[in-house]
Amino acid sequence: MKSGSRNEKLNTWVKEVADLCRPDSITWCDGSKAEYGRMMALMLERGMAVPLKKRPNSFLFRTDPSDVARVEDRTYISTRSQEEAGPTNNWVHPDELKKTMRGLYQGCMKGRTMYVIPFSMGPIGSPIAKIGVELTDSPYVVCNMHIMTRVSAKVLDVLGEKGEFIPCLHSIGAPLAPGQKDALWPCAPIEKKYISHFPEENLIWSYGSGYGGNALLGKKCLALRIASNMARHEGWMAEHMLILRLTSPEGKRYHIAAAFPSACGKTNLAMMQPSIKGWKCECIGDDIAWMKVRGDNRLHAINPEAGFFGVAPGTSYGTNPMAMDTLKKDVIFTNCALTDDGDVWWEGMTDDSPAHAIDWKGRDWTPASKDDAAHANARFTAPASQCPIICPDWENPEGVAIDIFIFGGRRSSVVPLVTEAYSWDHGVFMGATAASETTSANIGAVGNLRRDPFAMKPFCGYHMGDYFTHWFTMGDTLGAKAPKIFYVNWFRKSPEGRFLWPGFSDNSRMLKWMCQRVDGKIGAKETPIGLMPKEGDLDLSGLDISSGNMKALMNVDLKEWKAEVPDIEKHFALFGSRLPERLKKQLEEFRKRLG
Ligand code: TSX
Ligand code: MN
């Protein structure tokens, strides 16, 4: 592709970065198949990529063992005042952070090519979309960005001479001296990694990591942290939510957006196959929703991404057949195991493990090995268009009108299967108090309760108290046209430690009840924690579940709930004077209802 653009600001920024980082050459990307092929050929030649015999145009990458996940400790929201970043974000003053990072960026691309990646988050030209440009010295990032975003020369056309874009600077932080042999996965040590956001100037600087969430800057950095801050100023929402369309047997469509903390199976729900007769589910997105109030005064959502960057372990034909079918070709796998017949494998993919494989560190592996074959955070990068149940409207520039918001978490006790909020404000209370028990897939001790408001704790680019206020403001704007809000928990266990609810396809039963509630076709029982299905109202047809288990799933124990209140108070205290009065009022009313 030709060098440069018609946009003066872009050209100047590219030159400034090149002067600082000193790459050997600069390549402007056009998002073409040929370009993808060239990048992949380069990485094959370097031994970074392993072609997979069993999956056309698919490749396996193994990262450095130190570069396997997002680095929350090294992630910064850098505003002039620390107060603006709030209690949930790491903060360093922008002058200081830029000084440190400029030092690191100095000459950091020597011996490498700098790629200029113009991309659109959301369908190119959609009124809800935004343009970003990522500068990176990683060809792995270029290929992943091709799948996860819309990389195209058309983006530069839309940008024109004066258009706005979000500058995203990325370096793996591993310059090459002349003649120096490259590492298979070059990156910087942990203490030199920085994932920095400057929301006051819509700027992203990432250094030292090649891993997805740290390096594919369109995703968490732009579409959540920077966009959440833009959204509150511009009156829209950038949320950590899947989007799906549910169609009833009568052909009525419902659009659902749902937020869950990690390890709750968000991608599985996004691609769910309903077990109830005649209901159909289609996927619009599995991770991020951008939502704007449109001319009909309803909240319209788009998926700003173009692909899935999903956790591989646990994904199987049992848990998520639609994801498995999405992964048949054109996939980048990262930190999965390699089988002897040239396929990938991960824990939970099949009932039987392979007799031999190469693990994610490149070592021989057998079922007798003490370590897992795939890293617990091993990933697939796959085009959303390949999902067999991708919604025909997934690229509609107008988005889809949201009917239902769902929040949830992983709770082995206390929280029932499904609850409906009494009001928008009560729903905001549910989102703000959302909590999940940690699993081996997240950090920290297993089974600890972690509050993760709106599943946005790691992704809110400003003060979380102000974020709560923004939710109330959006509710006021939407009024009677606001989506209904629900809270779910698929993870309640019996005293013996067995899951009470079968989950997966059977979650469609709660979704059906939510749709009936939206239509006002069905009643609900008032409880202190919210509205719940009346006995017999949940469609349990064809499901073999004991009434004892159902009772246990729906049980609301006031003593247990009263015991939650001090933890909620402690959680709310974090937000200090920026905790909205309306949330305090919700807590007060909640306490009163508990008696
Ligand atoms: O994704 C999950 N969902 C949502 C699906 C649409 N998972 C996997 C979570 C880890 C990422 C679930 N795990 C769900 C669920 O609804 N429920 C459970 C717990 C569970 C696990 C296994 C069984 C039942 C419940 N049953 C058997 O193993 C036979
Ligand atoms: Mn996510």
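Small disclaimer: the values here were computed from a predicted structure and weren't measured. Both ligands and their constituent atoms are indexed starting at 1 by order of listing. Note that these values count all heavy atoms, side chains included, but never hydrogens, waters or copies made by symmetry.
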Practice task
Check if Gly314 has a non-hydrogen atom at a distance under 4.0 Å from any atom of ligand 1.
Solution key: no

Can you sort out the partners of [X] under salt bridge (Lys or Arg N to Asp or Glu O under 4.0 Å), two or more places apart, ordered by chain and number?
X      : answer
Asp452 : none
Lys534 : none
Lys252 : Asp519

Can you confirm whether something in the protein, heavy atoms only, sits under 4.0 Å from [atom]?
atom                    : answer
atom 7 (N) of ligand 1  : yes
atom 28 (O) of ligand 1 : no
atom 14 (C) of ligand 1 : yes

Practice task
Using a cut-off of 2.8 Å, find all protein N, O or S atoms closer to the Mn ion (ligand 2) than that distance.
Solution key: Lys220 NZ, His240 NE2, Asp287 OD1

When you compare the side chains of [X] and [Y], does any donor N or O come within less than 3.5 Å of an acceptor on the partner?
X      : Y      : answer
Ser369 : Asp371 : no
Trp501 : Asn507 : yes
Asn214 : Ser206 : no

So if I count the atoms of ligand 1 from 1 in the order they appear, which ones are less than 4.0 Å from some heavy atom of [X]?
X      : value
Phe499 : 19 (C), 20 (C), 21 (C), 25 (C)
Gly503 : 16 (O)
Trp490 : 3 (N), 4 (C), 15 (C), 16 (O)
Arg410 : 9 (C), 10 (C)
Trp501 : 24 (C), 25 (C)

Practice task
Run the numbers on Lys266 and Asp286 for salt bridge (charged side-chain N to carboxylate O under 4.0 Å, His left out), then give the verdict.
Solution key: CA-CA 7 Å; Lys266 205 157 116 225; Asp286 80 326; over 6 Å; no

Handout entry: Cationic N near anionic O, under 4.0 Å, Lys493 to Glu437
Key = no

Problem - salt_bridge(Asp67, Lys193) N-O dist < 4.0 Å - result: yes

Which protein heavy atom lies closest to [atom], and at what distance to 0.1 Å?
atom                    : value
atom 18 (C) of ligand 1 : Phe491 CE2, 3.6 Å
atom 11 (C) of ligand 1 : Gly265 N, 3.6 Å
atom 23 (C) of ligand 1 : Pro502 O, 4.3 Å
atom 2 (C) of ligand 1  : Phe504 CE2, 3.4 Å

At a non-hydrogen distance cut-off of under 4.0 Å, which region of [X] contacts ligand 1 (side chain, backbone, both, or neither)?
X      : result
Ser505 : neither
Gln273 : neither
Asn268 : both

Can you confirm whether [X] sits close enough to [Y] that some side-chain heavy atom of one is under 4.5 Å from a side-chain heavy atom of the other?
X      : Y      : result
Asp567 : Arg451 : yes
Lys512 : Trp279 : yes
Asp466 : Phe575 : no

Exercise for the section: Please indicate whether any nitrogen or oxygen in Asn507 is less than 3.5 Å from any nitrogen or oxygen in ligand 1. Expected result: yes

Exercise for the section: Specify whether Trp365 and Trp345 have parallel, tilted or perpendicular ring planes, treating 30° as the upper limit for parallel and 60° as the lower limit for perpendicular. Expected result: tilted

Exercise for the section: Flag this pair as yes if the NZ/CZ of Arg150 is under 6.0 angstrom from the six-membered ring centre of Trp394 and inside a 45 degree cone about the axis; otherwise no. Expected result: yes

